[in-house]
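Heads up, the thing below is written out as structure tokens.
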Amino acid sequence: MLQHRSQEAEVIATVMDQRMLKRYDESIGETESTDAEEYTVEQVIESLKWGRYHYFLLLLFGAFKAIDRLEITLMTVLFPAVQCEWHLSGLQSTLLSVVVFTGMMFGAAFWGVTADDFGRKPTIFIATALVAYVGFLTSFSPTIYWLFILRFVVGIGVVGAIQVEVILIEFVAAKYRAAAMISLRAIENIGGLFEVLLAWAVVPTLGWRYLIAFTAVPTTLFLLLWPVVPESVRAAEMNRCSLPAGRLRAAVVEHRGRLGDLFHAEYRRSTIQMLFIFFAATATYYGAALITTELFSVDYCAAPNVTSSSDASSSDGCGCSSLSSSDYGRILLTSLAELAILPIAIVLSDLIGRRRTLAICQIVVALSYLVLLTCVGSTWGVTVILFVVRGFAMGSAAIIHLYAPELFPTQIRAIGTSSGYFVGRIGAMITPLISQLLLRRSVHSALLVYTLICIVGAITALLLPIETKGRRME
């Protein structure tokens, strides 16, 4: 029935399979269906109400997105322990973060091409298997250099899970899209909370190697979900919704999108600004995650040099500070901010649009960093401010990941979002240099850099030429 194997036809095939379309055609009669008005995949998707299948997709894809959060949270709680055991220099411990984000940067480009050529389902499986296998091997690293190499490979695999975001957005009507994406992020955040609790229980007693090994267990279990990852999404059938009257029309796409298409006159300005917002939002978000551990490990009011805080962490006498029980508790609390503030991002993005919501999130983060620049003396005061920073930083990252797929048509959607992820990972790659290396030399300088990034990101978001709220997926 579907004669054109274009990108849009592939999307149609994943929304409703041929048997389902055949049953629908038979239900309206062969003669009637021949003369009936044709409809497009966009009309089908917009006609579907939120139903059981959408909940199924949300939970399923949320499990795969949790892989990203497991590994990022692992990074924040792992490095203090590794630094103390191997007596790493400040540069070496920073490079341990950099290599992960560098792997993510290369992975963003690689998995985007792989998903277009071989499909998103096998891409997600291969990436998840890579993270599980290499992640487990990391626990046996004999030297810091092996740890660098294996964490780099893990970074390549982790970013493959982002394909689930594009899949979910393509199957959801415009009015449900913001809630779906933010809900996906909320489920993803559970992985981070789990990792903090796991580290709290394992690192002080068994050590960091067991933490890495145990982290690979849920990732391996996610592979068992592979058989239920839908190759053909029967959304209308499972949700018990009626399709529009007529026959489904598969549009012919003359060519696949190329990188240069993003810079045609229609999308040039939007693309450039979107890429910078990806950079700012990703750098801000991962910076907030890494800076949380750092600020709990130092007396950041000390100037001009940063010294270890005796009441916030425990020192082993080798010049490093490991996380104490109270530190884990505060990290867990600040991680909860992402769950608490995400609903605000949902409401704002649907009420005032994606651009203004992006700007508000970036401004709130910038103001929070400015408050930290005043040198908050109370540990719990710092915790509250970091709570706000992490929550709104997550909101900013979630909205730009929603904006990008809505901005581009089907032909260049995959390459457009992959380009955004790639540039975002550049921001993530340099953020350890700010949140770890620079912060250990001057906390105020590091906070000021993030403040400036957020301010420029907010202005760029307000100046975006296209608002995608309610925009139909072309």
Side-chain angles (χ1 to χ4, degrees), residues 50-74 76 120-121 124-125 127-128 131-132 157-173 176-198 215-226 228-230 233 235 238-239 281-282 285-286 288-289 331-350 357 361 387 390-405 417 421:
W50 187 271
R52 292 182 298 169
Y53 200 84
H54 292 102
Y55 284 116
F56 168 73
L57 288 180
L58 193 60
L59 293 174
L60 177 65
F61 293 156
F64 282 96
K65 277 294 292 177
I67 296 172
D68 179 45
R69 187 54 54 84
L70 283 171
E71 293 298 330
I72 295 303
T73 308
L74 171 64
T76 64
R120 287 171 186 151
K121 180 175 178 178
I124 294 170
F125 176 80
T128 304
V131 172
V158 164
V159 82
I162 63 176
Q163 298 298 325
V164 300
E165 295 182 354
V166 180
I167 298 175
L168 181 63
I169 286 179
E170 287 179 339
F171 297 158
V172 176
Y176 304 121
R177 209 174 288 146
M181 181 57 66
I182 303 301
S183 298
L184 182 69
R185 290 278 175 167
I187 298 172
E188 171 192 351
N189 189 58
I190 296 175
L193 299 177
F194 170 81
E195 188 66 25
V196 175
L197 292 173
L198 183 63
T215 300
V217 173
T219 305
T220 303
L221 293 177
F222 291 155
L223 291 174
L224 300 179
L225 298 175
W226 170 252
V228 299
V229 173
V233 181
M238 191 168 181
N239 289 345
T282 307
Y285 171 68
Y286 288 125
I331 293 173
L332 182 65
L333 180 60
T334 56
S335 298
L336 287 170
E338 300 175 12
L339 284 175
I341 296 178
L342 276 174
I344 298 177
I346 294 178
V347 175
L348 285 178
S349 63
D350 280 337
T357 302
C361 288
F387 184 94
R390 291 196 61 169
F392 281 94
M394 163 58 89
S396 177
I399 296 301
I400 190 59
H401 280 76
L402 169 64
Y403 180 88
T417 52
Y421 299 147

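Counting from 1, the numbers follow the sequence of the chain as shown.
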Inset, instruction - Taking ring pair (Phe, Tyr, Trp, His ring centres under 6.0 Å) as the test, write out the residues that go with Phe194, two or more places apart. - result: none

Inset, instruction - Can you measure from CD1 (Ile190) to CG (Leu70) and round to the nearest 0.5 angstrom? - result: 11.0 Å

Legend entry - Min side-chain heavy-atom separation Leu339-Leu193 under 4.5 Å: yes

Inset, instruction - Could you tell me whether the side chain of Leu58 reaches within less than 4.5 Å of the side chain of Trp50, counting heavy atoms only? - result: yes

Legend entry - Asn189 CG to Lys65 NZ distance, which is reported to the nearest 0.5 Å: 11.5 Å

Legend entry - Non-neighbouring partners of Glu195 that pass salt bridge (charged side-chain N to carboxylate O under 4.0 Å, His left out), sequence neighbours left out: none

Inset, instruction - Considering non-hydrogen atoms only, spot the tightest contact between Val131 and Val158 and give its length. - result: CG2-N, 3.3 Å

Legend entry - Spacing of OH belonging to Tyr421 relative to OG1 belonging to Thr282, to within rounding of 0.5 Å: 10.0 Å

Legend entry - Gly62 versus Ile187, closest heavy-atom pair with distance: CA-CG2, 3.7 Å

Inset, instruction - Of all the heavy-atom pairs spanning Gly391 and Ile341, show the shortest one and how long it is. - result: CA-CD1, 3.6 Å

Legend entry - Sequence-distant partners of Leu197, side-chain contact (heavy atoms from CB on, under 4.5 Å), two or more places apart: Trp200, Leu332

Inset, instruction - Can you see which heavy atom on Ala66 is nearest to which on Gly191, and at what distance? - result: CB-CA, 4.2 Å

Legend entry - Residues forming a side-chain contact (heavy atoms from CB on, under 4.5 Å) with Ala63, sequence neighbours excluded: Phe222, Leu225

Inset, instruction - State which residues pass ring pair (Phe, Tyr, Trp, His ring centres under 6.0 Å) with Phe125; sequence neighbours excluded, sorted by chain then number. - result: Trp226

Legend entry - Which residues share a side-chain contact (heavy atoms from CB on, under 4.5 Å) with Ala127, sequence neighbours left out: Trp111

Legend entry - CZ on Phe61 to OG on Ser183, rounded to 0.5 Å: 14.5 Å

Inset, instruction - Determine whether the aromatic ring centres of Tyr53 and Phe56 lie less than 6.0 Å apart. - result: yes

Inset, instruction - Would you give the length of the straight line joining atom OG1 of Thr128 to atom CZ of Phe64, rounded to the nearest 0.5 angstrom? - result: 5.0 Å

Inset, instruction - Run through Ile399, Ile344, Val347 and flag the one making a side-chain contact (heavy atoms from CB on, under 4.5 Å) with Thr357. - result: Ile399

Legend entry - Considering all heavy atoms, the nearest Thr73-Gly192 contact: OG1-CA, 3.3 Å

Legend entry - Contact summary for Ala216 and Ala132, nearest pair of heavy atoms: CB-O, 3.8 Å

Legend entry - OG1-CD1 distance between Thr215 and Ile67, expressed to the nearest 0.5 angstrom: 12.0 Å

Inset, instruction - Say whether, by atom type as modelled, one donor and one acceptor occur between the side chain of His54 and the main chain of Gly51 under 3.5 angstrom. - result: yes

